[in-house]
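What follows is a set of notes on a single structure, which appears directly below.
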Amino acid sequence: MSQITLTFPDGATREVPQGTTARDVAESISKSLAKKAISAQVDGIHYDLAWPLEQDAKIAINTMADDAPALELIRHDFAHVMARAVQTIWPDVKVTIGPVRDHGWFYDFDREAPFTPEDLGAIEAEMKRIIAARDPVRTEVWDRERARKHYEEVGEPFKVELIDRIPGNEPIRMYWHGDWQDLCRGPHLSHTGQLPADAFKLTRVSSAYWLGDSTRPQLQRIYGIAFRNRDDLKAHLKFLEEAEARDHRRLGREMDLFHMQEEAPGQVFWHPNGWTIYTALQDYMRRKQRADGYMEVNTPQVVSRSLWEKSGHWDKYQEHMFIVEVDEEHAREKAINALKPMNCPCHVQVYNHGMKSYRDLPLRMAEFGSCSRYEPSGALHGIMRVRGFTQDDAHIFCTEDQIEAECAKFINFLASVYEDLGFDTFEIAFATRPEKRVGSDESWDHVENALESAIRSTSRTYRIEEGDGAFYGPKLDFYLTDAIGRTWQCGTFQVDPNLPERLGATYIGEDGEKHRPYMLHRACLGSFERFIGILIENSAGRLPFWLAPRQVVVASIVSEADEYVHEVVAALTKAGVRAEADTRNEKINYKVREHSVGKVPAILAIGRQEVEDRSVTLRRLGEKATEVLPLDEVVARLGAEGTPPDRR
RNA sequence: GCUGCUGUAGCUCAGAGGUAGAGCACUCCCUUGGUAAGGGAGAGGUCGAGAGUUCAAUUCUCUCCAGCAGCACCA
């Protein structure tokens, strides 16, 4: 047998016989390492300890201390152990796939009745039994036909299909956890006892389509989460609780921001408090955009089918549009219109009105455009995913040469806005041509190159998302991370050579000839509805002072103070602060609690003492401490705090 | 849109084949209280909509609508 050379992370090398396993290697290094070893990275690929090494390679032995591989193995083995537990309890259930995902895994089963939450307890108990049994994990590489036949015989049709989908050059790996067997590419731990029995939890049951395809059968899915130890699990459960407490739907009700109701599914009834946030944000964006060279327009909501036919939406987007038929008496045929799902076609109409010169470019046209999209019912979610919303939309008409500068300009604009709104960092994804697209490959080459060189010129880091572009052009998507680590795609910057073509947009160049402009679609917040949802969840309802709907409540302690309370409110209001009086016949404790629950950032308490001194006692939301201040000072201070960031 | 679950007072929820209950919120009264719920009384519901079974339906069945979770979707 020939020798192979292994290179360790520290650069040391070792000659071993071909077919040596990572476990052998670990043992040859030290007993303690062999004990701790769980898997190996071999030329960057995650290996079982039991896989034979066939050629020269760089190797690193993983232990439970290595975050990513340890968690991957734990979660992956949990998926198998769970599947085994399910088949132990219900032998008729067919297994499919069970990948690692997020903080755990899921496994899809083919079964008539869905699992119930009560079933989960039984499955968890069986899983613990399997872990306690410390069943060894064994692998065999099988011939494709043999594996296929085996699964046909044991009646696992989904596994047969999986085998057929495994590329021909890949080995078919069969795993055993004790006497339970599954098809899997691995890698796995050495025995089930390595799983932390106190650091997992089955979290939910649901259904999912086979292979994610809505035309294929629906399977019953069980989700689990797993960590290396109990504390990590607890920390994650706490995170879930935290996310739940931040839910914008709940805070929206508690803070009296908005409501939604059956008669208008997916549309928001904004209450005074919520609308205050909305307008404060919109006023801010309007000022920012003006300062950045945008002109604002406004275009119709109900637009004839004929324009949507020209723009291509009627073909490609019709199922998502609200169609409005108007049946006029004496009309030869019904007039068919659609609520606009996007603003772009209308913006081209404004652009087309009157001859444009190259001197007009780049022309930045913004609209707080109210759009309506018939989103599938299952997609609706609070104010985050709705059917009626307003975008902070703009289209930049420009020449190809201008794309780079406009891209850089927009990214700076976006960074400034996000920072003002409390998001210090964001990620950029460059999405390339999708399978379903319009335009020639040459044109895509061209535009993708232009956009990529634009993003490069900003020297910001970005990742590439292959095939994720819009059907008409490549795009940059901007993701922000919120206070508890979730990411949200908000901003977008899309290069579109097609719509100007379809809708006949032109400009007169220096040469006196007509040319086709490019159109850049861009948004910073995305939609006001969704972004406000994100702001609420990011801040857990404690919005920055300038956005808080009620910034100050002035609360009387005794009714003798009422008159002065109103005086204080008037002074604050005059300074531009959103202040309210609370002179109800309630104790100060009660008022403090109520306004704290309502997330009012500042409470001013007024008793006999304050009336006498012409002072106020300031209490900040969430703080126990209070501070006595002269009226003038508190007005100046809160007035300054309420100034939007772009005006400071 | 698909699968499952849910729909009872403004909110959170209990309940049962014989036309409904709690806490909070609301109104009124007492209380003027110094930083996260003072006390009492009162008012409030076509039990999501429609159809069916039944002597009787809010309760059982079916259809629809909406919400929730996941999937699919998200130019």
Side-chain angles (χ1 to χ4, degrees), chain A residues 101 106 108 111-117 203-223 247 249-250 253-254 256 259-266 311-313 316-317 319-320 341-342 344 371 373-382 384-387 431 434 436-438 468-475 477 489 492 494 496 498-499 521 523 526-527 530 553 555-562 583-598 603-610 617-628:
Chain A
R101 223 185 72 161
F106 64 77
D108 289 345
R111 181 191 198 239
E112 280 288 312
F115 293 99
T116 65
T203 49
R204 52 170 53 108
V205 293
S206 87
S207 73
Y209 298 109
W210 170 233
L211 301 173
D213 182 341
S214 57
T215 65
R216 306 295 306 269
Q218 276 204 321
L219 306 169
Q220 301 305 327
R221 176 172 293 184
I222 303 178
Y223 288 89
D247 192 313
R249 292 166 297 186
R250 174 174 162 168
R253 193 169 51 236
E254 286 174 4
D256 194 16
H259 84 271
M260 307 183 80
Q261 65 186 50
E262 260 191 59
E263 288 83 352
S311 71
H313 287 82
K316 303 238 181 214
Y317 203 70
E319 65 196 285
H320 295 290
M342 292 170 206
C344 23
C371 296
R373 295 183 188 171
Y374 191 80
E375 299 286 359
S377 57
L380 301 178
H381 179 84
M384 299 275 210
R385 187 82 184 269
V386 286
R387 288 180 176 159
K436 265 178 70 179
R437 60 177 182 265
V438 297
D468 223 29
F471 76 84
Y472 50 72
K475 60 176 180 171
D477 281 332
Q489 193 251 306
T492 190
Q494 312 173 351
D496 181 2
N498 289 294
L499 200 61
H521 307 245
S527 89
R530 179 160 175 276
V553 167
S556 57
I557 296 170
V558 292
S559 51
E560 294 162 46
D562 289 0
T583 53
R584 291 174 303 169
N585 174 19
E586 295 292 352
K587 292 196 172 184
I588 192 66
N589 292 343
Y590 183 92
K591 295 181 184 181
V592 166
R593 179 187 145 78
E594 188 170 285
H595 302 305
S596 298
V597 168
I603 299 173
L604 302 183
I606 311 287
R608 288 201 182 84
Q609 197 58 53
E610 288 79 0
T617 300
L618 169 65
R619 180 192 158 119
R620 298 282 182 170
L621 176 60
E623 285 176 20
K624 268 216 109 56
T626 59
E627 190 181 4
V628 181

With both distances under 3.5 angstrom, what nucleotide forms a Watson-Crick or G-U wobble pair with [N]?
N: B:rC55; answer: B:rG18
N: B:rC74; answer: none
N: B:rC64; answer: B:rG48

- Message: Between A:Thr617 and A:Glu627, do the side chains contain a donor N or O and an acceptor N or O under 3.5 Å apart?
- Response: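 There is no such pair between these side chains.
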- Message: Once you measure the plane-to-plane angle for A:His313 and A:Tyr317, does it fall in the parallel (<30°), tilted (30-60°) or perpendicular (>60°) bin?
- Response: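 Correct class here is perpendicular.
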- Task: Among the candidates B:rU35, B:rA69, B:rC11, find the nucleotide nearest to the side-chain atoms of A:Arg253.
- Result: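 My answer, after comparing the listed nucleotides, is B:rC11.
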- State which of B:rC2, B:rG38, B:rA66 makes the closest approach to the side chain of A:Gln218.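 Output: B:rC2.
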Using the [atom1] atom as the point on both nucleotides, what is the distance between [M] and [N], in whole Å?
N: B:rC68; M: B:rC62; atom1: P; answer: 24 Å
N: B:rG67; M: B:rU53; atom1: C1'; answer: 28 Å
N: B:rA20; M: B:rG44; atom1: P; answer: 14 Å
N: B:rA16; M: B:rA51; atom1: C1'; answer: 23 Å
N: B:rC26; M: B:rA43; atom1: C1'; answer: 9 Å
N: B:rG1; M: B:rA37; atom1: P; answer: 46 Å
N: B:rG70; M: B:rA36; atom1: P; answer: 37 Å
N: B:rU61; M: B:rA75; atom1: P; answer: 41 Å

- Message: Tell me if the side-chain of A:Arg385 makes a donor-acceptor pair with the base of B:rC73, cut-off 3.5 Å, by modelled atom types.
- Response: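 By the distance-only test, yes, there is a pair.
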- A:Thr626 (side chain) and B:rG34 (base): donor-acceptor pair under 3.5 Å: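 Under the 3.5 Å cut-off, the side chain and the base do not form any donor-acceptor pair.
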Just checking [X]: base, sugar-phosphate only, or nothing, at a heavy-atom cut-off of under 4.0 Å?
X: A:Tyr590; answer: sugar-phosphate
X: A:Tyr209; answer: base
X: A:Glu610; answer: base
X: A:Ser207; answer: base
X: A:Gly212; answer: sugar-phosphate
X: A:Tyr317; answer: base
X: A:Lys316; answer: base
X: A:Arg204; answer: sugar-phosphate
X: A:Arg530; answer: nothing
X: A:Thr617; answer: base
X: A:Glu263; answer: nothing
X: A:His595; answer: nothing

- Less than 4.0 Å between a side-chain N and a carboxylate O, is that true for A:Arg584 and A:Glu594?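 Judged by the 4.0 Å cut-off on N to carboxylate O distance, A:Glu594 and A:Arg584 do form a salt bridge.
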- Query: Hey, is A:Glu254 close enough to A:Arg250 for a salt bridge, meaning N to O under 4.0 Å?
  - Reply: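 Looking at A:Arg250 together with A:Glu254, the answer is yes, because their closest N to O distance falls below 4.0 Å.
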- Specify the closest pair of heavy atoms between A:Arg619 and A:Ala625, including all atoms of both residues, with the distance to one decimal.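 Nearest pair, atom of A:Arg619 first, then A:Ala625: CG-O, 4.0 Å.
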- Query: Can you tell me how far C1' of B:rU35 sits from CD of A:Gln609, to the nearest Å?
  - Reply: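 Atom-to-atom, A:Gln609 to B:rU35, this comes out as 16 Å.
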- Query: Is the shortest side-chain N/O distance from A:Arg101 to OP1 or OP2 of B:rC71 below 4.0 Å?
  - Reply: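 For B:rC71, OP1 or OP2 has a side-chain N or O of A:Arg101 closer than 4.0 Å.
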- Task: Would you mind telling me which residue lines up with the more 5' stretch of RNA chain B, A:Leu380 or A:Asp468, judged by nearest nucleotide?
- Result: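 By nearest-heavy-atom nucleotide position, the 5'-most residue is A:Leu380.
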